[in-house]
Asks: 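Quick one: this structure, given as structure tokens, is what I'll be asking you about.
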Amino acid sequence: MDAARWLHHLLHAPVSRRYSPEAMAAIQQAIAEGEVRHDGELCFVAEAKLPMRFLIGGRGARTRAGDLFARLRVWDTHRRGGVLVYVLLADRAIEIIADRGVAARVPAPGWDGVMRVMQERFQQDDWTGGALAGIKAAHVLLARYLPPTPGKRHELPDKPLLL
């Protein structure tokens, strides 16, 4: 990893500068409202910078997203319907990791579209709008491939996580 990236991560502003309490409430509401339309469970995580152990190891956003997918137990839903949307502000990176029940039914190019929608807004420094647009696009995708079934459990918290 180059020194400029290290410095950028070490000095990056806190994630709360991009996501106000009002933004957090809007993201939480968008997750909750959309989940009634499908069998998926969305988890949104935004992180300002990679933890030191990831920087030292030369690992990036995808590895960190996988780590959080496991730590937050996004994989541990009844129907294997967990989806992690991870945003790493320092790298302007977006990663989406879907549990095997979702991955088996939702084509990968669909997630690329969700990330494109988010990236377009992020490039304009519209972090809240990008998150909300991505969540909406993810709900549309999940509703198409994982329609709601009777007895759906609400298993993951809707509240976004800021690290």
Side-chain angles (χ1 to χ4, degrees), residues 14-49 60-163:
V15 72
S16 60
R17 287 215 180 146
R18 301 287 186 203
Y19 293 105
S20 67
E22 295 80 19
M24 296 289 289
I27 292 168
Q28 182 173 345
Q29 182 177 352
I31 291 170
E33 288 175 355
E35 284 183 350
V36 300
R37 299 185 359 238
H38 55 76
D39 266 357
E41 290 276 336
L42 228 66
C43 182
F44 180 87
V45 177
E47 187 165 38
K49 56 191 174 188
R62 186 70 180 177
T63 304
R64 177 62 170 158
D67 175 62
L68 290 168
F69 184 84
R71 284 177 182 251
L72 298 173
R73 301 178 63 95
V74 177
W75 56 268
D76 193 18
T77 62
H78 177 68
R79 294 195 170 119
R80 303 293 181 240
V83 177
L84 174 70
V85 178
Y86 173 73
V87 176
L88 177 59
L89 299 175
D91 290 346
R92 290 183 177 253
I94 304 160
E95 295 292 342
I96 299 177
I97 299 182
D99 200 352
R100 62 181 174 238
V102 176
R105 295 165 70 187
V106 178
W111 298 119
D112 294 339
V114 172
M115 290 188 287
R116 261 192 313 277
V117 165
M118 295 175 75
Q119 194 64 41
E120 288 171 8
R121 302 291 284 272
F122 291 168
Q123 287 174 346
Q124 301 166 11
D125 278 333
D126 183 6
W127 295 91
T128 301
L132 293 172
I135 289 165
K136 180 180 178 182
H139 285 315
V140 169
L141 191 62
L142 289 166
R144 182 179 314 143
Y145 292 100
L146 280 90
T149 55
K152 178 188 176 188
R153 301 176 187 174
H154 185 77
E155 300 174 82
L156 296 176
D158 296 332
K159 184 177 181 179
L161 181 60
L162 300 183
L163 303 175

Asks: Search all heavy atoms of G82 against all heavy atoms of F69 and return the closest pair with its distance.
Replies: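 Of all heavy-atom pairs spanning G82 and F69, the closest is O-CE1, 4.2 Å.
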
Asks: Determine the minimum heavy-atom distance between G110 and L141, stating which atoms define it.
Replies: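 Heavy-atom minimum between the residues: C-CD2, 3.5 Å.
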
Asks: Show me the pairs that pass salt bridge (charged side-chain N to carboxylate O under 4.0 Å, His left out) and involve residues 95-114, at least two apart or across chains.
Replies: R62-E95

Asks: For residues 134-147, pull every pair meeting side-chain hydrogen bond (donor to acceptor under 3.5 Å, both in side chains), keeping only residues two or more places apart or in separate chains.
Replies: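 Counting only pairs at least two positions apart or across chains, the side-chain hydrogen bond (donor to acceptor under 3.5 Å, both in side chains) contacts touching residues 134-147 are H38-H139.
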
Asks: R64: what forms a salt bridge (charged side-chain N to carboxylate O under 4.0 Å, His left out) with it, not counting sequence neighbours?
Replies: E47, D67

Asks: Once you round to the nearest 0.5 Å, how far does CD of Q119 lie from CD1 of I94?
Replies: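 Atom-to-atom, Q119:CD and I94:CD1 are 4.5 Å apart.
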
Asks: What's the verdict on side-chain contact (heavy atoms from CB on, under 4.5 Å) for M118 and V85, showing C-alpha distance, side-chain angles and the deciding distance?
Replies: CA-CA 11 Å; M118 295 175 75; V85 178; 3.8 Å; yes

Asks: Using side-chain contact (heavy atoms from CB on, under 4.5 Å), reason through R37 and L142 one step at a time and then give a plain yes or no.
Replies: CA-CA 8 Å; R37 299 185 359 238; L142 289 166; over 6 Å; no

Asks: V117 and A133: which non-hydrogen atoms are nearest, and at how many Å?
Replies: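 Taking every non-hydrogen atom into account, CG1-CB, 3.4 Å.
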
Asks: side-chain contact (heavy atoms from CB on, under 4.5 Å), that's the test. Do L68 and L163 meet it? Break it down for me.
Replies: CA-CA 11 Å; L68 290 168; L163 303 175; 3.8 Å; yes

Asks: What are the two closest non-hydrogen atoms of I97 and G66, and how far apart are they?
Replies: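 Looking at all heavy atoms of both residues, the closest pair is CD1-N, 3.4 Å.
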
Asks: Please name the pair of heavy atoms, one in A23 and one in T128, separated by the smallest distance, quoted to 0.1 Å.
Replies: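 Reported closest heavy-atom pair: CB-OG1, 3.2 Å.
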
Asks: Could you tell me which residues satisfy side chain to side chain contact (heavy atoms under 4.5 Å, CB included) with A26, sequence neighbours excluded, listed by chain and number?
Replies: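 Residues passing side chain to side chain contact (heavy atoms under 4.5 Å, CB included) with A26: L132.
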
Asks: A131: what forms a side chain to side chain contact (heavy atoms under 4.5 Å, CB included) with it, not counting sequence neighbours?
Replies: Y19, I27, F44

Asks: With sequence neighbours left out, what residues match Q28 under side chain to side chain contact (heavy atoms under 4.5 Å, CB included)?
Replies: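 Once residues adjacent in sequence are excluded, the partners of Q28 under the side chain to side chain contact (heavy atoms under 4.5 Å, CB included) criterion are D158, K159, P160.
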
Asks: Can you sort out the partners of W127 under ring-ring contact (aromatic ring centres under 6.0 Å, His included), two or more places apart, ordered by chain and number?
Replies: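 Partners of W127 under the ring-ring contact (aromatic ring centres under 6.0 Å, His included) test: F122.
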
Asks: Determine yes or no for a side-chain-to-main-chain donor-acceptor pair under 3.5 angstrom, with E155 supplying the side chain and H78 the backbone.
Replies: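 Yes; at least one donor-acceptor contact below 3.5 Å.
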
Asks: What is the distance from atom CG of L42 to atom CD1 of I31, rounded to the nearest 0.5 Å?
Replies: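 Those atoms lie 5.5 Å apart.
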
Asks: By salt bridge (charged side-chain N to carboxylate O under 4.0 Å, His left out), which residues pair with R92, not counting sequence neighbours?
Replies: D125

Asks: What pair of heavy atoms forms the shortest contact from L84 to A65, and how long is it?
Replies: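 What the structure gives for the nearest pair is CD2-O, 3.2 Å.
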
Asks: Checking the side chain of D39 only, and the main-chain atoms of T149 only, is there a donor and an acceptor separated by less than 3.5 Å?
Replies: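 Side chain of D39 to backbone of T149, a donor-acceptor pair under 3.5 Å: yes, one is there.
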
Asks: Quick one: salt bridge (charged side-chain N to carboxylate O under 4.0 Å, His left out) partners of R116, sequence neighbours excluded?
Replies: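 With sequence neighbours excluded, R116 shows a salt bridge (charged side-chain N to carboxylate O under 4.0 Å, His left out) to no residue whatsoever.
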
Asks: List for me each residue that meets side chain to side chain contact (heavy atoms under 4.5 Å, CB included) alongside A137, sequence neighbours excluded, and say none if there are none.
Replies: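 A137 satisfies side chain to side chain contact (heavy atoms under 4.5 Å, CB included) with V114 only.
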
Asks: With sequence neighbours excluded, give me every ring-ring contact (aromatic ring centres under 6.0 Å, His included) pair touching residues 90-115.
Replies: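 ring-ring contact (aromatic ring centres under 6.0 Å, His included) check on residues 90-115 returns no pairs.
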
Asks: Which residues pass the salt bridge (charged side-chain N to carboxylate O under 4.0 Å, His left out) test with R73, not counting sequence neighbours?
Replies: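 Checked R73 against salt bridge (charged side-chain N to carboxylate O under 4.0 Å, His left out); matches are D76.
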
